[in-house]
Amino acid sequence: MGSSSATANRLLLSKIATSEGHGENSPYFDGWKAYDRNPFHPTKNPEGVIQMGLAENQLSFDLIEDWIKKNPKASICTPEGVEEFKNVAIFQDYHGFPEFRKAVAMFMSKARGGRVTFDPNRVVMSGGATGANELVMFCLADPGDAFLVPSPYYPAFYRDLGWRTGVQIVPVHCDSSNNFQITKEALAAAYEKAQKNNINVKGLIITNPSNPLGTTLDRDTLESLVEFINQKNIHLVCDEIYAATVFSSPTFTCISEVIQNMNCNPNLIHIVYSLSKDMGLPGLRVGIVYSYNDDVVNIGRKMSSFGLVSSQTQHMLASMLLDEEFVARFLETSSKRLAKRHGVFTKGLEEVGINCLKSNAGLFCWMDLRRLLKDQTYDGEMVLWRVIVNEVGLNVSPGSSFKCVEPGWFRVCFANMDNETVEVALKRIRTFVRQGKKAQDQAVQVKSPKRWKSNLRLSFSSSSTRRFDQESVNVLSPHMMSPHSPLVRAKT
């Protein structure tokens, strides 16, 4: 199709369809494409790209599979459960099965240590957390309105929150000086800047536990956030989809616990939840909106018709999540396995001097590679990221795609692979850093032989070169890669 034909075709489409609001012109998604073109396989493609950009919990699938085998009646596709096929397959209203909403409410409570209870009548279904986030935006804001979001934050928020709704994101800048904690000063500054720019701020969105930091917010911080939104009379949307991924102290404090003992307007408090991260079931598309606002519940339930959870999925998960013995065992085992994997991975990085932000939750680490940047800029970060994806063969996500204010931070996921793949990934990282150190040592003048120790930076001068985005960038190749490894075009 010629350029003129393509232009004419785009004119036939809607503004939403032809806009860039999908947010996929980002290194975050480019890394996924690099993996898709050249996926790692231990025997079929051992030099391929290892997927470390996918925040998925695959460490406890065996427990779920074992439960399914022992409970064939939970499925309508087995001889034991087929008698329920008709009742499940016919039309269901938008409220969802009562058993399913009860099961979700119970699981949400268990995932939060049983310190708070949830009303099944406030559980609103949606197609995954993506649909749940969008549903909340449709309920709370008009096109052009904005939500404050502390950075660094999930790159796909632009798509989830704003592509079809027209809602804007106003970053609240956080940095490493206090381990990226949200401060009242940063929050107030972002709000006031938006006001000066005539942007109508409708609320604040937080992810707790944090993606990409892997940290949890303490009670004092949560209380200060509630006080802020209550004072401004704006909404607080709490994305708590990683609630059950906490694997070490401190324990997770959810927003529902906090508001129990506060004088605040409950109509301003809303929770987004799903089973994608805590149970590792993103393919089942179970998203939940839990709101303390009756109107949001009622309106959201009507809107949920655009993204309901399959009644077959509801039927099976209701049985699973109402099995209290299974839920208790799953949550305990998952936490222990995440803790073990996190320990193995972070210790492996420490062996070559790479540190991560101290974390206690999530399926990833916030990896500090600032010392490896040739230039302390976002361009320098992109150069390093391209090397890691194309030469080292690891799809990690650069901090700039999370709107991090400091170049050199990367999110790396560790729970979506088996132990053997983790070891391959760590081996590649070790080789990369050690060869970088060796090249740096060779380049350093005799009068400053220990320069690399105080400021370890990659030397990009080696015999191996590649062309990125029509620019020649010299890079160090830590191990022999396929000559057909993918070229990623990143847009900063």
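In this pair, Phe29 and Trp32 present their aromatic rings tilted. The plane angle is within the 30 to 60° band. Between Phe402 and Tyr28, the angle of the ring planes goes over 60°, which puts this pair in the perpendicular group of the 30/60° scheme.
The distance from the CG atom of Leu308 to the CE atom of Met125 is 4.5 Å, given to the nearest 0.5 Å. Atom CG of residue Leu148 and atom CD1 of residue Ile199 lie 9.5 Å apart, to the nearest 0.5 angstrom. For the atom pair CG (Asp145) and CG (Leu140), the distance works out to 10.0 Å, reported to the nearest 0.5 Å.
Between Arg112 and Glu240 there is a salt bridge, with a side-chain nitrogen of the basic residue lying less than 4.0 Å from a carboxylate oxygen of the acidic one. Salt-bridge check for Lys202 with Asp142: failed, with every basic side-chain N at 4.0 Å or more from each acidic carboxylate O. Looking at Arg219 and Glu257, a side-chain N of the basic residue comes within less than 4.0 Å of a carboxylate O on the acidic one, giving a salt bridge. Using a 4.0 Å cut-off between charged nitrogen and carboxylate oxygen, Lys69 and Asp66 do not count as a salt-bridge pair. Salt bridge absent: Glu134 and Arg159 never bring a charged side-chain N and a carboxylate O closer than 4.0 Å. A salt bridge is absent between Asp323 and Arg329: the closest approach of a Lys/Arg side-chain nitrogen to an acidic carboxylate oxygen does not fall below 4.0 angstrom.
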Inset, instruction - Go through the steps for Asn57 and Asp278 under the test side chain to side chain donor-acceptor pair (under 3.5 Å), then give the verdict. - result: CA-CA 7 Å; Asn57 185 1; Asp278 286 352; over 6 Å; no
Inset, instruction - Show the numbers, then the answer: is there a side chain to side chain donor-acceptor pair (under 3.5 Å) between Thr313 and His315? - result: CA-CA 5 Å; Thr313 299; His315 177 72; over 6 Å; no
Inset, instruction - Tell me, with the steps shown, if Ser210 and Tyr242 meet side chain to side chain donor-acceptor pair (under 3.5 Å). - result: CA-CA 8 Å; Ser210 168; Tyr242 292 96; over 6 Å; no
Legend entry - salt bridge (Lys or Arg N to Asp or Glu O under 4.0 Å) assessment of Glu423 paired with Lys427: CA-CA 6 Å; Glu423 287 304 317; Lys427 183 178 179 180; over 6 Å; no
Inset, instruction - Could you please spell out the steps behind the side chain to side chain donor-acceptor pair (under 3.5 Å) verdict for Gln51 and Asn395? - result: CA-CA 5 Å; Gln51 174 62 289; Asn395 173 31; 2.6 Å; yes
Inset, instruction - Before giving the answer on side chain to side chain contact (heavy atoms under 4.5 Å, CB included), spell out for Trp163 and Ile16 the whole-Å C-alpha distance, their side-chain angles and the decisive distance to 0.1 Å. - result: CA-CA 7 Å; Trp163 186 19; Ile16 289 179; 3.8 Å; yes
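The closest side-chain donor-acceptor pair between Asn265 and Asn230, if any, does not fall under 3.5 angstrom. Inspection of the Arg411 and Asn211 side chains reveals an N or O donor paired with an N or O acceptor under 3.5 Å. Looking only at atom types and distance, the side chain of Ser359 has no donor-acceptor partner in the side chain of Trp366 under 3.5 Å away. For the residue pair Thr216 / Asn360, a side-chain donor-acceptor distance below 3.5 Å is found, with atom types taken as modelled.
The nearest pair of heavy atoms linking Pro398 to Phe410 is CA-CD2, 3.6 Å.
Taking a 6.0 Å sphere around NZ of Lys110, one finds it holds 12 or fewer heavy atoms contributed by other residues, nucleotides or ligands. In Glu324, the CD atom is not crowded: 12 or fewer heavy atoms of neighbouring residues, nucleotides or ligands sit closer than 6.0 Å. Summarising the local packing, CZ of Phe85 is surrounded by 12 or fewer heavy atoms from other residues, nucleotides or ligands at distances under 6.0 Å. Around CD of Gln260, the count of heavy atoms belonging to other residues, nucleotides or ligands within 6.0 Å exceeds 12. Heavy atoms of other residues, nucleotides or ligands lying less than 6.0 angstrom from CG of Asn178 number more than 12.
Partner of Thr207 under the side-chain contact (heavy atoms from CB on, under 4.5 Å) criterion, out of Val149, Val237, Leu217, Asp239: Asp239 alone.
Side-chain contact between Val412 and Phe345 is present, with at least one heavy-atom pair separated by less than 4.5 Å.
Between Phe118 and Tyr290, the ring center distance clears the sub-6.0 Å criterion. Aromatic ring centres of Tyr292 and His270: separated by at least 6.0 Å.
Cation-pi check for Arg341 over Phe414 is not met; the charged atom does not lie both under 6.0 angstrom from the ring centroid and within 45 degrees of its normal.
A donor-acceptor contact shorter than 3.5 Å links the side chain of Lys277 to the backbone of Ala55.
In this structure, the side-chain contact (heavy atoms from CB on, under 4.5 Å) partners of Ser176, at least two apart in sequence or on a different chain, are Phe180, Arg370, Glu406, Trp409.
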